[in-house]
Amino acid sequence: MSREEGSGERPAGPGPDFVRARAASDLASGKVRAVRTRFPPEPNGHLHVGHAKSICLNFGLAAELGGACNLRFDDTNPSKEEVEYVESIRRDVRWLGFDWGDREFYASDRFERLYEDAVRLVRKGAAYVDSLSADEIRAYRGTLTEPGRESPHRGRGVEENLDLFARMRAGEFPDGAHVLRARIDMASPNINLRDPTLYRILRSHHHRTGDAWCIYPMYDYAHPLCDAYEGITHSICTLEFEDHRPLYDWVIGQLGPWEPRPEQIEFARLNLTYTVMSKRKLLQLVRDGHVSGWDDPRMPTIGGLRRRGCPPAAIRDFCSRIGVSKKDALIDASLLEFSVREELNRTAPRAMAVIRPLKLVVESFPEGAVEEMEAVNNPEDPSAGTRRVPFTRELWIEQDDFREDPPKKFFRLTPGAEVRLRYAYIVKCTGVTKDPATGEILEVRCTHDPETRSGSPQAARKVKGTIHWVSAAHAVGAEVRLYDRLFRSERPEESGSFLDDLNPLSLEVVPDAKLEPSLAGAKPGDSFQFERLGYFCVDPDSTDARPVFDRTVGLRDTWAKVEQAQKG
RNA sequence: UGGGCGGUCGCCAAGCUGGUAAGGCACCGGACUUUGGCUCCGGCAUUCGAAGGUUCGAAUCCUUCCCGCCCAGCCA
């Protein structure tokens, strides 16, 4: 197997996983002529990173092997599904960088064929209409350790079953009156094989078929058949469906032959530290207002990651690094952050912004004068060019960059010490002005060395630190939203108490940060690296009058670690 | 104490036909640096859930045991 790079994406992480290996081998052995996969979301919620793992696997492996991946909506339960989700899912998959061409399918488009196949099942005696209530069926099913009992209706004749099933479809019975069941084995140790329900009567408006149907197929019946109808070769799903595979094979086997004959392969779903991934919990966060919506930047949803400024390439890289296996894994959130930083480091233009402003007065610099300093847009990408940043006598610097009483190894501004102002001059702190009443530092004062202007020979002088700044007269005020992990613990409490673990500091809004003027024209979605701080993205709430930036992720902060260590 | 599936470094994960433990993240050193960023160099499992056994040799084969996850929707 060659280790060629695919479509420009850098290979990362381990080699082929067991799913890719199997698909490749099926292709090599001639078992399948071409690989066909599918991503089959139910349109009843928004996609999240866990889905991204599946999307990258399904679309990725198909592309790598010269096959194709279908987008299929598993819309067999109209009571929970809505068309708004369909649009959201399509957008998210597309945004992640995948293309399903004209292969967009819906289980609901197969309702007629599925019904006809169900009739075939009834004809061959492999399915029957049961008239037990839901409670009775549950009671008859037995338990994990005791076999189930056969329904008194299990022996109904084919003609009666055909008649009943047709009348179910015709709407002659109320919801729940009857159900179509597979006739397999009520004593099977695998509960999924104890005559599973294939069809239920359900009067609910379907987002695509309207009121054309009042009976709907169950997942275990519709899914394998849709795979077969679409010519899927490898039906990749998550571990909890492992027990369903015998049923999947049963359905496929009853109604074949199929060419190709689809096979189900299961892998472990993604779990990430400091967040929750279940649909129910995410919905609760939104419904209860713990976050601003499905696309709140703290949410692990695709919409949340997008709004937060996470590039799709970073998500793809992350997915390639986590691997695919059958082990229940809890991935460290720092791995996602790593992928995000790596991508943004390459692509995000740099800019200077001060989040917690402290006035710095350069006493030796003439009042009213403005010098344009040349700044590099992206040291990782020379083609990004340079820009000019205005320098004046009064600047904003970061509060963290000045310490009247510095700890050891503090390389920033302190009384009597020198520091370099990025792309400008080396300045020396001459003192501070304090509020006589509170003792609060009002401003820091310094003088500059005019010989050290950036680019001049004298600028090569070594100074311990370099800090960023923004000209006070030119600063653009902005709201900056600092996000942190949504939960306090790696595994937010299970059950309903996960809400107790919410991190109260997951969002800090800074109402008046100071940005360099070049940031004024930034558009929603644009990402920047605010030098020495982190990566920030323009939020959709942003307006020209009031820019709003979201912190995607901070830069690695070695000093923070050192300082932390010093404090013990 | 029914069935299914897992258990290799703090977190992931290669290792599948036995030959003497890849890689990534994290972490710890150091170099470089007009971002305490990036980059670079170095460190980081005598051990593979446990115990036996087979073998010249086992994470890889056999046996037993332990731990974890999933399944009793007319959800997917």
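Below, chains carry the letters A, B, ... as their sequence lines are ordered, and counting in each starts from 1.
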Mind calculating the distance between CG (A:Asp332) and P (B:rC27) to the nearest angstrom? 9 Å

What's A:Ala459 touching, base or sugar-phosphate or nothing? Going by heavy atoms closer than 4.0 Å. base

Which nucleotide in the list B:rU35, B:rC75, B:rG2 gets nearest to the side chain of A:Leu144? B:rG2

Just the rounded figure in Å: distance from P of B:rG37 to CG of A:Asn378. 16 Å

Check every strand shown and say whether A:Lys561 touches a base, only sugar-phosphate, or nothing at a heavy-atom separation below 4.0 Å. sugar-phosphate

What do the steps show when you test A:Ser151 against A:Arg181 for side-chain hydrogen bond (donor to acceptor under 3.5 Å, both in side chains), and what is the final call? CA-CA 10 Å; A:Ser151 163; A:Arg181 290 231 250 169; 4.8 Å; no

So what does A:Gly554 hit on the nucleic acid, given a heavy-atom distance under 4.0 Å: a base, only sugar-phosphate, or nothing? nothing

Under 3.5 Å donor-acceptor pair, A:Arg412 side-chain atoms to B:rG36 base atoms: yes

If you check the A:His244 side chain, which of B:rC38, B:rA76, B:rU34 turns out closest? B:rA76

Candidate nucleotides B:rC74, B:rG6, B:rU35, ranked by approach to the side chain of A:Pro379 - the nearest: B:rU35

Side chain of A:Tyr423 only, heavy atoms from C-beta on: which candidate in B:rU35, B:rU34, B:rG73 is closest? B:rU34

Identify whether any heavy atom of A:Leu132 sits under 4.0 Å from a base atom; if not, whether one sits that close to sugar-phosphate; answer base, sugar-phosphate or nothing. base

For A:Tyr229 and A:Phe105, what are the C-alpha separation, side-chain angles and deciding distance, and is it a ring-ring contact (aromatic ring centres under 6.0 Å, His included)? CA-CA 11 Å; A:Tyr229 299 161; A:Phe105 302 116; over 10 Å; no

Which part of the nucleic acid does A:Met352 contact within heavy-atom distance under 4.0 Å: base, sugar-phosphate only, or nothing? nothing

If you count heavy atoms of other groups shown closer than 6.0 angstrom to NZ of A:Lys279, is the number above 12? yes

Flag the pair A:Phe391 / A:Trp469 as yes when their ring centroid distance falls below 6.0 Å, and as no otherwise. yes

A:Tyr199 near the nucleic acid: base, sugar-phosphate alone, or nothing, with a heavy-atom cut-off under 4.0 Å? nothing

Distance check: side-chain N/O of A:Lys327 vs OP1/OP2 of B:rA13, anything under 4.0 Å? yes

Looking at A:Arg200, does any N or O in its side chain come under 4.0 Å of the phosphate oxygens OP1/OP2 on B:rC75? yes

Proximal nucleotide (of B:rA72, B:rG36, B:rC5) relative to the A:Lys409 side chain: B:rG36

Under the rule syn = chi within 90° of 0, otherwise anti, which is B:rG30? anti

Tell me if the centroids of the rings in A:Tyr219 and A:His223 come within less than 6.0 Å of each other. yes

Separation of B:rA72 atom P from A:Glu240 atom CD, nearest Å, is 11 Å

Looking for any heavy atom pair under 4.0 Å, which part of the strands does A:Arg141 touch: base, sugar-phosphate only, or nothing? sugar-phosphate

Which nucleotide in B:rA72, B:rC5, B:rA76 has an atom nearest any side-chain atom of A:Thr76: B:rA76

By the 4.0 Å heavy-atom rule, please label A:Gln529 as base, sugar-phosphate, or nothing. base

A:Phe338 has its side chain closest, among B:rU34, B:rC25, B:rG36, to B:rC25

Less than 3.5 Å between a donor and an acceptor, one on the side chain of A:Ser454 and one on the base of B:rU34, is that the case here? yes

Over all strands shown, is A:Thr466 touching base, sugar-phosphate only, or nothing at heavy-atom distances under 4.0 angstrom? sugar-phosphate

Is A:Arg532 near enough to B:rG36 that one of its side-chain N or O atoms lies under 4.0 angstrom from OP1 or OP2? yes

Rounded to the nearest angstrom, tell me the gap between atom CZ in A:Arg556 and atom P in B:rA26. 7 Å

Hey, which of these two, A:Thr145 or A:Asn192, hits RNA chain B nearer its 5' end, going by closest nucleotide? A:Thr145

Does A:Arg321 make a side-chain N or O approach to OP1 or OP2 of B:rA13 shorter than 4.0 Å? no

From the candidates B:rC5, B:rC71, B:rC75, the one with an atom nearest any side-chain atom of A:Ile191 is B:rC71

Counting only N and O atoms by type, is there a donor-acceptor contact under 3.5 Å from the side chain of A:Gln264 to the main-chain atoms of A:Phe241? yes

Donor-acceptor pair under 3.5 Å, A:Glu380 side chain vs B:rU39 base: no

Please confirm whether A:Phe111 and A:His206 have ring centers closer than 6.0 angstrom. yes

Assign A:Phe410 to base, sugar-phosphate, or nothing according to its heavy-atom contacts below 4.0 angstrom with the strands shown. base

Options B:rC12, B:rU33, B:rG3, nucleotide nearest the side-chain atoms of A:Lys462: B:rU33

Which of these nucleotides, B:rU35, B:rC74, B:rU34, is closest to any side-chain atom of A:Leu555? B:rU35

Within the pair A:Ser325 and B:rA13, is there a side-chain N or O less than 4.0 Å away from OP1 or OP2? yes

Donor/acceptor link under 3.5 angstrom from A:Asp243 side chain onto base of B:rG3: yes

Classify A:Ala134 by what it touches in the nucleic acid, base, sugar-phosphate, or nothing, heavy-atom distance under 4.0 Å. base

Within a reach of under 6.0 Å around CZ of A:Arg269, are more than 12 heavy atoms found that belong to other residues, nucleotides or ligands? no

Is the phosphate of B:rC69, meaning OP1 or OP2, less than 4.0 Å from a side-chain N or O of A:Arg491? no

